[in-house]
Amino acid sequence: VTDTTLHALGFSSLDQEVEDVQLPVDGALPDWLTGMLIRTGPARFEIGAQSYTHWFDGLAMLHAFAFAGGEVRYSNRFLHSRSWQEAHRSGRIARGEFMTDPCRTLFGRARAIFAPRLTDNASVNVAMLGNDLVAMTETTMPIRFDPFTLEAGRHRPLSEAVRGQITTAHPHVDGERSYSYVIDVGLRCAYRLFVEDRGRQRVLASLPVDEPSYMHSFGMSERYLVLTEFPLRVSPYRLAFSGKPFITNYRWQPERGTRLTVVDKETGGVVARAAAPACFSFHHVNAFEADGAVHVDLLAYPDAGVIDRLRLEPLRAGAPPGPLPRLLRFRVPLDGFDEHAIEPTALCEVSFELPSIDASRRGGRSYSRVWGVGLFDRASFIDSVVKIELTDGESRVRRWHEPGCYPGEPVYVPRPGGEAEDDGVLLSVVLDSAARSSFLLVLDADSLAERARATAPHHIPFGFHGRHFPRLTRPAHDETTGEP
Ligand SMILES: [Fe+2]
């Protein structure tokens, strides 16, 4: 009989913070691997006697792995957001999170309505926006931080024109430019897509909506942005006045179907719309133009039930989070006809989450390699790294798996000068339940053969996303840019 709660350590709080410690390495890191992998994720699930409800709720911690000369140095630190500071000062959960609401008293509820104190607990993703390294959640208050000390700085504000309360933690960064959207919830709700170019933000399109959809990411091809609305919708009145935790205000309305809106990145014009059967997704994988259509690939669940399955209580008890989503392709014709009814096609048999592609070279273009995490051994939590080769007709799958080990998002790092789409390595933080600690796993991105593992001094609670920044180097070692 297998213990179905071996992974539960990944949902327990971590107190220890370390600064720039060298990790013992088994195997050999590629000599070309430089820069830093920086990740965010929840690391404190209780404040005093109160507990957060959902995996997405815990207070964020940053983890940084710095690579140089075949060595790995590691730092971790709680993100000193306002949510974190207030919780520490008061000894109570201070701000409403995804599925946790601290406003128990009538007074607290009234205050929340008239001066909503949105969370800035940036536990979802990190990004380089302009010259700012930020941690993000789904409110419009990303937090700048120092990559070397992991010290939090000020919020990075949006311009007046881009106002909104809800956003995505998955912006698309394209060189100097980045693209994202906000959701403005008010008497009249709107999705506002915007571009930031050399520090200047400009609204591309403002799309009115009666009941906004819960969306975690969006698609981007070379010429277009694609907003995919799933039928998990919220009444703005309920969101403002219910006094209930954020996501519990949303209602599953499958009759609304899934709606895709394609917006031109230059003009902001809506060039196509399509309606598809109801589904739910967190992650778009890629989008590209081919054969007179925009192909939109995303990881789809049949409905939004996964949100409830990712509550801490069932996850810790060993209830499976699955079934995981499948990779579907939606083809939205670009023929000027406004509203197409379309059916997606499944690109492969295997189901997986936390997708990764060669974004720097294949993002927005046709591609054939996807990595992610999967459920292998009828596990009660994600227990394998998967690679899918998308080819016409048939897909090929490879898998990395080790008993008692639970890997996180595999971040793809291309080998400099490499040509092939899988000529590089994957970086994944893995919980080793037997050792009661985590390690950074370095896999060959093509074969999924292990190249090295670097063991951290403690367990690293399961996080969501991170990014590899090839040019981030500690100032003491930095002879190229001269930057402080
Ligand atoms: Fe995500």
Side-chain angles (χ1 to χ4, degrees), residues 7 10-14 37-45 52-65 76-79 81 83-84 97-100 119-128 133-139 142-143 145 150 166-173 180 214-218 246-247 280-285 298-299 301 306-307 309-312 315 321-322 324-325 352-357 359 371-375 381-383 385 406-412 426-431 438 440-441 459-469:
H7 66 285
F11 294 110
S12 65
S13 299
L14 169 65
L37 170 72
I38 303 181
R39 301 189 57 77
T40 184
R44 170 151 285 287
F45 300 101
Y52 289 105
T53 307
H54 200 273
W55 184 16
F56 299 176
D57 291 341
L59 289 177
M61 179 181 270
L62 298 169
H63 303 269
F65 299 86
N76 70 310
R77 186 169 185 173
F78 277 104
L79 180 70
S81 62
S83 293
W84 182 93
E97 301 291 343
F98 186 75
M99 206 185 267
T100 302
T119 181
D120 62 348
N121 175 36
S123 65
V124 182
N125 203 358
V126 296
M128 189 74 83
L133 187 60
V134 293
M136 291 176 294
T137 181
E138 295 178 333
T139 59
I143 300 179
F145 68 92
L150 302 182
I166 302 169
T167 186
T168 174
H170 290 281
H172 287 281
V173 180
S180 189
Y214 176 72
M215 300 177 292
H216 180 80
S217 65
F218 68 116
F246 173 75
I247 198 65
F280 177 75
S281 171
F282 290 116
H283 297 118
H284 287 71
V285 174
L298 54 82
L299 292 179
Y301 298 87
V306 61
I307 290 175
R309 291 195 296 272
L310 298 182
R311 283 179 298 116
L312 289 165
L315 285 176
L324 292 181
F352 61 102
E353 251 298 358
L354 301 175
S356 183
I357 62 166
W371 299 270
V373 290
L375 291 165
F381 199 64
I382 282 161
D383 69 345
V385 175
Y406 303 91
E409 176 196 44
V411 173
Y412 177 70
L426 300 174
L427 305 176
S428 170
V429 172
V430 181
L431 178 76
S438 298
L440 180 72
L441 176 66
H459 84 282
I460 296 177
F462 295 132
F464 302 110
H465 303 289
R467 194 162 278 273
H468 177 254
F469 301 97

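Computed from a predicted structure; not experimentally measured.
- With sequence neighbours excluded, the residues that form a side-chain hydrogen bond (donor to acceptor under 3.5 Å, both in side chains) with S83 are T119, D120.
- Residues that satisfy the ring pair (Phe, Tyr, Trp, His ring centres under 6.0 Å) test with F11, not counting sequence neighbours, are W55, F381, F462.
- Listed here is the closest heavy atom pair of S428 and P410: CB-CA, 4.2 Å.
- Contact between G466 and N125 at its shortest, heavy atoms only, is N-OD1, 4.1 Å.
- Aromatic ring centres of Y52 and F98 lie farther apart than the 6.0 Å criterion allows.
- At least one side-chain heavy atom of L310 sits under 4.5 Å from a side-chain heavy atom of P321.
- Here the straight-line distance linking atom CG of L354 with atom CG of L324 works out to 9.0 Å at 0.5 Å rounding.
- Counting heavy atoms from C-beta on, the side chains of F280 and V306 come closer than 4.5 Å.
- For the atom pair NE2 of H63 and CD1 of I460, the computed distance is 5.5 Å after rounding to the nearest 0.5 Å.
- In terms of the side-chain hydrogen bond (donor to acceptor under 3.5 Å, both in side chains) criterion, H172 has no residue partners (sequence neighbours excluded).
- With rounding to the nearest 0.5 Å, the separation of OG1 in T137 from CD in E97 is 7.0 Å.
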Original post:
Where do E353 and F282 land on the side chain to side chain contact (heavy atoms under 4.5 Å, CB included) test, with the steps shown first?
Top reply: CA-CA 9 Å; E353 251 298 358; F282 290 116; 3.6 Å; yes
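- For T139, the side-chain hydrogen bond (donor to acceptor under 3.5 Å, both in side chains) criterion is met by no residue, not counting sequence neighbours.
- Partners of R311 according to the side chain to side chain contact (heavy atoms under 4.5 Å, CB included) rule, which considers only residues two or more places apart in sequence or in another chain, are T53, H54, M99, D308, P314.
- A distance of 9.0 Å separates CG of L62 from CD1 of I143, quoted to the nearest 0.5 Å.
- When every heavy atom of I382 is checked against every heavy atom of P407, the shortest pair comes out as CG2-O, 3.3 Å.
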**OP:** Could you check N121 against W84 for side chain to side chain contact (heavy atoms under 4.5 Å, CB included), going step by step and ending with a plain yes or no?
**Re:** CA-CA 7 Å; N121 175 36; W84 182 93; over 6 Å; no
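- Residues satisfying the salt bridge (charged side-chain N to carboxylate O under 4.0 Å, His left out) criterion with E409, sequence neighbours excluded, are R39.
- The shortest non-hydrogen separation linking S123 to F56 is OG-O, 3.7 Å.
- Qualifying ring pair (Phe, Tyr, Trp, His ring centres under 6.0 Å) partners for H170, counting only residues two or more places apart in sequence or in other chains: H216, H283, H465.
- When only modelled atom types and interatomic distance are considered, S217 and H284 share a side-chain donor-acceptor pair under 3.5 Å.
- Rounding to the nearest 0.5 angstrom, the gap separating the NE2 atom in H468 from the OH atom in Y412 is 12.0 Å.
- The shortest distance between side-chain heavy atoms of L37 and L440 falls below 4.5 Å.
- Between F65 and I38, every side-chain heavy-atom pair lies at or beyond the 4.5 Å cut-off.
- For the pair F246/Y214, a side-chain contact is recorded, criterion being any heavy-atom separation below 4.5 Å from C-beta on.
- Atom OG of S356 is separated from atom CH2 of W371 by 6.5 Å, given to the nearest 0.5 angstrom.
- With hydrogens and angles ignored, the 3.5 Å screen pairs no side-chain donor or acceptor of S281 with any backbone N or O of L298.
- With sequence neighbours excluded, the residues that form a salt bridge (charged side-chain N to carboxylate O under 4.0 Å, His left out) with R44 are D15.
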**OP:** Report the C-alpha separation of L299 and F352 in whole Å, then their side-chain angles, then the decisive distance to 0.1 Å, and conclude whether the side chain to side chain contact (heavy atoms under 4.5 Å, CB included) test is met.
**Re:** CA-CA 8 Å; L299 292 179; F352 61 102; 3.6 Å; yes
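- Take D57 and apply the side-chain hydrogen bond (donor to acceptor under 3.5 Å, both in side chains) test, not counting sequence neighbours, and it matches T100.
- Side-chain contact between I357 and V285 is present, with at least one heavy-atom pair separated by less than 4.5 Å.
- Scanning for side chain to side chain contact (heavy atoms under 4.5 Å, CB included) contacts around A122 gives L79, A135, with sequence neighbours left out.
- Within 6.0 Å of CZ in R309 there are more than 12 heavy atoms belonging to other residues, nucleotides or ligands.
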**OP:** Start with the C-alpha distance between L426 and V385, add both sets of side-chain angles, then the distance that settles side chain to side chain contact (heavy atoms under 4.5 Å, CB included), and finish with yes or no.
**Re:** CA-CA 9 Å; L426 300 174; V385 175; 4.0 Å; yes
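- Residues satisfying the side chain to side chain contact (heavy atoms under 4.5 Å, CB included) criterion with S180, sequence neighbours excluded, are T167, T168, P171, F194.
- Considering only heavy atoms from C-beta on, P42 stays 4.5 Å or farther from M61 through its side chain.
- In this structure, M128 and V173 have side chains that are not in contact, with every pair of non-hydrogen atoms separated by 4.5 Å or more.
- With sequence neighbours excluded, the residues that form a side chain to side chain contact (heavy atoms under 4.5 Å, CB included) with P142 are V134, M136, R156.
- Nearest heavy atom pair, residue L431 against residue H459, reads CD1-CB, 3.9 Å.
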